[in-house]
Structures are given as C-alpha cells and as structure tokens.
Engineer: 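Encoded as structure tokens, here's the structure I'll be asking about.
In what follows, chains are A, B, ... by sequence order, proteins preceding strands, each numbered from 1. As the structure is a computational prediction, the values presented were derived from the model and not from experiment.
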2 protein chains.
Amino acid sequence: MFRIGEFSLIAQVSGRLLRYYDEIGLLSPEYTDPQTGYRYYSAAQLPHLNRILVLKELGLGLDQIARLLSQGASSEEIRGMLLLRKAQITQAMQDGLDQLHLVEARLDQMDAFGQTPVLDVVVKAIPSQRYLALREVFPDVASVRRLVVHMTTIVPHKMPASSLGQIAFVVHSRMFDPDALDFEVGFLLTGNPGNSGKTPTAFQLSEERVLTVHDLPAVEMMATLVHVGSITDIHRTYGLLGAWVEQQQWQIVGQGRQVLLQLPQPGHDDAVIELQIPVSKAGTPYLQQDM
Amino acid sequence: MFRIGEFSLIAQVSGRLLRYYDEIGLLSPEYTDPQTGYRYYSAAQLPHLNRILVLKELGLGLDQIARLLSQGASSEEIRGMLLLRKAQITQAMQDGLDQLHLVEARLDQMDAFGQTPVLDVVVKAIPSQRYLALREVFPDVASVRRLVVHMTTIVPHKMPASSLGQIAFVVHSRMFDPDALDFEVGFLLTGNPGNSGKTPTAFQLSEERVLTVHDLPAVEMMATLVHVGSITDIHRTYGLLGAWVEQQQWQIVGQGRQVLLQLPQPGHDDAVIELQIPVSKAGTPYLQQDM
DNA sequence: CTTGACTCTGACGTTACGTCAAAGTCGCAT
DNA sequence: ATGCGACTTTGACGTAACGTCAGAGTCAAG
C-alpha cells in the first residue's frame, strides 16, 4: 500500500488530482484510515488510474469516464461514446479551421488597409419580428428621408408607443441604383410576431400611403455592419459589408435590411445605421421569398 | 439611449453579458443612473460591442480584448496577438488531429480484439532518479528472481529504509532472449538525484556482487503499461506495449525499464509491474546513451 | 520526544458567462 | 393617485477540472 505521495510519484499525477478523483468517486483509495483520513492506494489501482488517464486524453469528460468505468458499460455503449467523441473532435477541428480563416482574413485586412480601422462584421441570428411598413420605389434618397421624417412625426401619436421599435428599411433593389430605390420603409414592432389581434394590421399615413403590418422572417445568419456618420456615405459601408461576405465565399440569400438606430441630429453627421445582409454558407441556399 | 433590454435585443446578446462586460470594465454603458443603477447605452456603442464580439470569435480572451481596446494598442501589437493566436489555433488543430487518431486507434482495437479489455498505455514524463543497482547477464528468469529475493532480504537492513523505493530493472538486452538477460537490477532511491553525499555510492551485496549508485536519466516521453498477474506472462504484455508504440509510429529511444510495484505473494499470481519504454515522435531522435 | 516530511480538510481562483432570487423602477391604464 | 405588469438592479451560485495556498494533524527516524 502506498500513501498518496508515493502513489502520485509512481503515476506521475498530482496528489490533488488523486484527492479530487476520490472526492468525486472516480477513484477511491483501497483503504482510508478512518482515524486520520490518510489514503492508502494499492499497486493494483494503477491500471485503473491509467485507464482514467487514457480516456481523459481522448477528451472524454470525467462524468462520462465515471459512467464507463463504474457501471459496467457494454462495448456497444463505449463504441457509441467514442464515435460521438470522434464527431465532436471533427466538429471542433472544423471550427478551428473557420477561426483560422477569420484570423488570417483580419491579418490580411490589416496589411491591405494599413492603419484603417478594420471592419467589424458580426454574423448573428435575427428572430422574426413584426414590421409596420410600406413599399415604394423612391426616386432619390432625399424622398426616403422625407418619408421617414413624416412617419416619425405622425405615427408615434397614433400607436401605443411601447410597441414601436426602430425604423428599418428592407432593400428590394437588386443592385444599388440611386434613381430607383425599391425600399420598404417602416417601424419594427416589439412583441411576438404572428400574434396579431391587439395592434391594427394597417395604418393610414396619408391619402395615398398605407402602412401595413407583416412579419419579417427570421434569419439564421445575418451579416451585419454598423455604419456611423453621414447617411450619404452609407453605400461605402454597404460595399465593405458586401465585399466581406464575398471574401468569406458566402452567398447572399434574401433582402438586405437597414436599421436606423440613431437619427442624425440636425447639423451633425452622427447617424447610426446597422446594415444587414442575410447569408448562408455556400451549398445551403435559403428560401428566397418575394421573388 | 437604450435601456439594457432593448440594447441586448439590437445586438442579440444577453443582458447578463452586457452587465458582465460592464462589471469587468470592458464595455460600460454611456450613462448609468446613479439613483437607480439603470444602464443606458447609446447607439454609438454598438460598433464597440461588435468589435468585442468579433475579437471574441477569433478566440481571444476578454483580457486580451480589453488590452487591445482600452489602451490604444499599436497595429504591431495587434498583429502580434493575431499571429500568436494563429499559432495557438494551429497547435490546437494538431492536438485535435492526434486525439482523433487516438480515438480511432481505440475503436480499431475494440473491433479487432472484441471483448478483450483494451490496453491502457500511458505516456508520461519520468524525472531523473537515483538508482542503486548492478548490471549482469542472467542465464534465466529464475536467477533474476533469486537475486531480487536476496536483495530484498539484505539491503533494507543496511540502508535508511526511507530512501528506498521500488525495485526496478533496466533492460539492456537488444532483443528478448530468455537465455541472456542483460539486466540492471536494483532499487530506485528517493531524494534528489545528483546530490550524493549522504548515501553511500556503493553497497557490497555479496563477495562478487556490488551495487552502485548512479542516476537514471529523465525521459520526456515514457510509454508505460502496467502488467498484472504472473511474472511469466510479462513478455506478452511487453509485446503489446511494443506493438502499441509501433502503431503510433513512434521510435524507441534508449532502454526500457520495469518497475516492480508489487511482489507476488507466494502462491498468488498478483505481481504488479510497470513496463516502460522511452519513445519519441519520429523525426526527433533522442540522446541514446550507453551505446 | 522532537523534528522534518508528509497528509488532511477546506477554501479560493480560474473562464465567461447562464440561471435564479429578492427587491427596486418604469410607464401605462385606470 | 394608484396599481399592475414588464423591466432592471445587485448578489449569489453553478459550470470543469483541477492548482494553490492555509492551518492543523500524522508519521517515522534519530
């Protein structure tokens, strides 16, 4: 029988580890002195410890190891766990590869743009949300702005303000053409989409313009980039976002969106707009609606 | 200004995350009401948050991100961190690949051996240790055993028992030849190797046999396998260990060792012996001494 | 019997948050 | 004015697998 120090020397593991495995019931010493609490391990426990160490090297968690060892697991169960672990490792390596590409892309960007602050494109999932808007083809940007101003002065007085969210555009134009902007313009609404009944489904803005409510579909992967500054510069930021998506070799699926997070104060160029482009990794095209 | 709930919706991160980043000083809201503690975020903080999220996706720790953002880091520093991170990912992927091979090897073993309990070869580093032993070519296993018995009856009375460790063999035979066993036989000694002065450097066992003290070199990678049972079966376990090393496509560097962890009780086949083979990954040959 | 070496339990630190819990706040509707 | 539901606050605990003390008890040799 070895005391914990000698046993830890033999096995080349720390004493703390042995105490820990004892505590969680993974490997208890063959004998524990009830008076002093001293742990005494037998040589025959070394194979047991070694099995634990090997399984740990395979990346299994201690809880799984405990299950495999204590309760006699059938070899089919063990096979299952190993196959699962194999899949996990494969997944982790794929993730590592993706991350490597991201890091390299950022390094390339730094080399190419020099001191220019690097873009921070964030890909995130966007849930479905209700949308009070109208669709129109605008002749120029100024008319869009006028409509926005008009809406912001009218709508909040006629709606429960609590459910009114940001102003957002949905860009239906295929390509950016400053003379024919096929946009949806309106408000994002808070509250669960789909549950109509409380809020009206339409809203008369003026003689010829009617806002209607519908749901914007959820998007699993939305590439987003925040534009700060003058609205007139927005197409440059948009181009950067597009270039980034292209560099990732992803596909654009569906319509882009623009969310006005901060209207520019008169005399300042401090608008904040989040540009959004729904994407998917190549090979898994997405439902394209409104085509 | 957005309250935390709305800001978390916009950015699609949890409120808890925002509070946490505030707590660790990574991203504090633009204004915090001193009365109520309510946090108010501005739209202009979204790019800041996005930068944090992107750097996090690259696998950087929050502490590193904080350094990069708060204290204006030069682009050279940033490059350095990204390059470092790249190396880390590469390393992690290599580790993943190794682990994948281990898992696959174990699956193959299970398929090949069926119900046979899989071997648990553990690779570990062995530190240098002092060794009181003699080298001899033994005509058979029985004579080795007689010497061991003799040593265990004589030596402990003449030595400070506290410094006496396990009995160990160093196998100098190139190949296993049961008629010419070129073994070192002796005791491992506790205490720092190299510091002689307290223990004698030699020990007269009998007329013609002298035990001398020297240091067994440290081994960075020692493949070990514990044999339990009759000593006469040990060559099979040894073969399994050798086959395992071969399957890993590693090289054997230096002499194997055998550490007697438990002498067999008379009438029982319950010896416990750890077999050790120093190895190195192919391509990085090791110092082979005693050649 | 006195050291010095060893061992015990218990607690805290690690990473980046998720998940309650109890109490305070806000805004809207009565 | 008041009540209510939705929101927010701080604080604490949990996560995985141990490393690292701290303070107190134990063992073996001289």
Engineer: Quick test of your reading of the model: are Arg51(A) and Asp120(B) salt-bridged, counting only N-O distances below 4.0 Å?
Structural biologist: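 So Arg51(A) pairs with Asp120(B) through a salt bridge.
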Engineer: Leu17(B) side chain: which of dT25(C), dC17(C), dT9(D) is closest?
Structural biologist: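 That would be dC17(C).
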Engineer: Using whole Å, report how far CZ of Arg3(B) lies from P of dT8(D).
Structural biologist: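 After rounding, the gap between these two atoms is 6 Å.
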Engineer: Roughly, in whole Å, what's the span from CG in Leu18(A) to P in dG19(D)?
Structural biologist: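 Between P of dG19(D) and CG of Leu18(A): 10 Å.
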Engineer: Which whole-number value in Å describes the distance from Glu23(B) CD to dG18(C) C1'?
Structural biologist: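 Rounded to whole Å, this separation is 14 Å.
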Engineer: For Ile4(B) and dG24(C), give me the distance from atom CD1 to atom C1', rounded to whole Å.
Structural biologist: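 For the pair Ile4(B) CD1 and dG24(C) C1', the rounded distance is 15 Å.
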Engineer: Can you measure Gln88(B) atom CD to dT15(C) atom P for me and round it to whole angstrom units?
Structural biologist: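 Taking atom P of dT15(C) as the reference, CD of Gln88(B) is at 13 Å.
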Engineer: May I ask you to say what Arg19(B) touches in the nucleic acid, namely base, sugar-phosphate or nothing, with a heavy-atom cut-off under 4.0 Å?
Structural biologist: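 Base, at least one base heavy atom under 4.0 Å.
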Engineer: To the nearest Å, how far apart are Lys56(B) NZ and dA16(C) P?
Structural biologist: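 So the two atoms are 9 Å apart, to the nearest Å.
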Engineer: Looking only at atom types and distance, does a side-chain atom of Asp270(B) sit under 3.5 Å from a main-chain N or O of Gln265(B), one as donor and one as acceptor?
Structural biologist: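 Pair found, side chain donor or acceptor close to backbone of Gln265(B).
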Engineer: Find the distance Tyr20(A):OH to dG19(D):P and express it as a whole number of Å.
Structural biologist: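 Rounded to whole Å, this separation is 11 Å.
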Engineer: So does Thr36(A) get a side-chain nitrogen or oxygen closer than 4.0 Å to the phosphate oxygens (OP1/OP2) of dT7(C)?
Structural biologist: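 For dT7(C), OP1/OP2 do not have a side-chain N/O of Thr36(A) under 4.0 Å.
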Engineer: For a quick test of reading the model, state the closest non-hydrogen atom pair linking Gly37(A) to Thr32(A) and the distance between them.
Structural biologist: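 Here Gly37(A) and Thr32(A) meet closest at O-CG2, 3.7 Å.
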Engineer: Considering only dC18(D), dT9(C), dA12(D), which nucleotide approaches the side chain of Arg16(B) most closely?
Structural biologist: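 Of all the options, the side chain of Arg16(B) is nearest to dA12(D).
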Engineer: Has Thr190(A) got a side-chain atom pairing as donor or acceptor with Gly165(A)'s backbone, closer than 3.5 angstrom?
Structural biologist: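 Checked: no pair found.
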Engineer: Any side-chain N or O of Tyr21(A) less than 4.0 Å from the OP1 or OP2 oxygen of dC18(D)?
Structural biologist: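 Affirmative; the distance criterion is met.
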Engineer: Over all strands shown, is Gly15(A) touching base, sugar-phosphate only, or nothing at heavy-atom distances under 4.0 angstrom?
Structural biologist: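 Answer is nothing: Gly15(A) stays at 4.0 Å or more from every strand.
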Engineer: Specify the separation, in whole Å, of atom CG of Asp22(B) and atom C1' of dA16(C).
Structural biologist: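 To the nearest whole Å, that distance equals 15 Å.
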Engineer: Does Arg39(B) place a side-chain N or O at less than 4.0 Å from the phosphate oxygens OP1/OP2 of dT8(D)?
Structural biologist: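 It does not, given that no N or O in the side chain of Arg39(B) lies less than 4.0 Å from OP1 or OP2 of dT8(D).
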Engineer: With nearest nucleotides of DNA chain D determined for Asp33(A) and Leu60(A) from heavy-atom distances, which residue corresponds to the more 5′ nucleotide?
Structural biologist: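 The answer here is Leu60(A).
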Engineer: I'd like to know if Glu57(A) pairs up with Arg85(A) as an ion pair, taking the criterion as any Lys NZ or Arg NE/NH1/NH2 lying under 4.0 Å from an Asp or Glu carboxylate oxygen.
Structural biologist: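 Looking at Arg85(A) together with Glu57(A), the answer is no, because their closest N to O distance does not fall below 4.0 Å.
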Engineer: Taking the minimum atom-to-atom distance to the side chain of Tyr38(B), which one of dA16(C), dT26(D), dC7(D) wins?
Structural biologist: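 Among dA16(C), dT26(D), dC7(D), the one nearest the side chain of Tyr38(B) is dC7(D).
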Engineer: Here's a test of your reading of the structure: between Leu62(B) and Tyr40(B), which maps to the more 5' nucleotide of DNA chain C?
Structural biologist: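 So the residue in question is Leu62(B).
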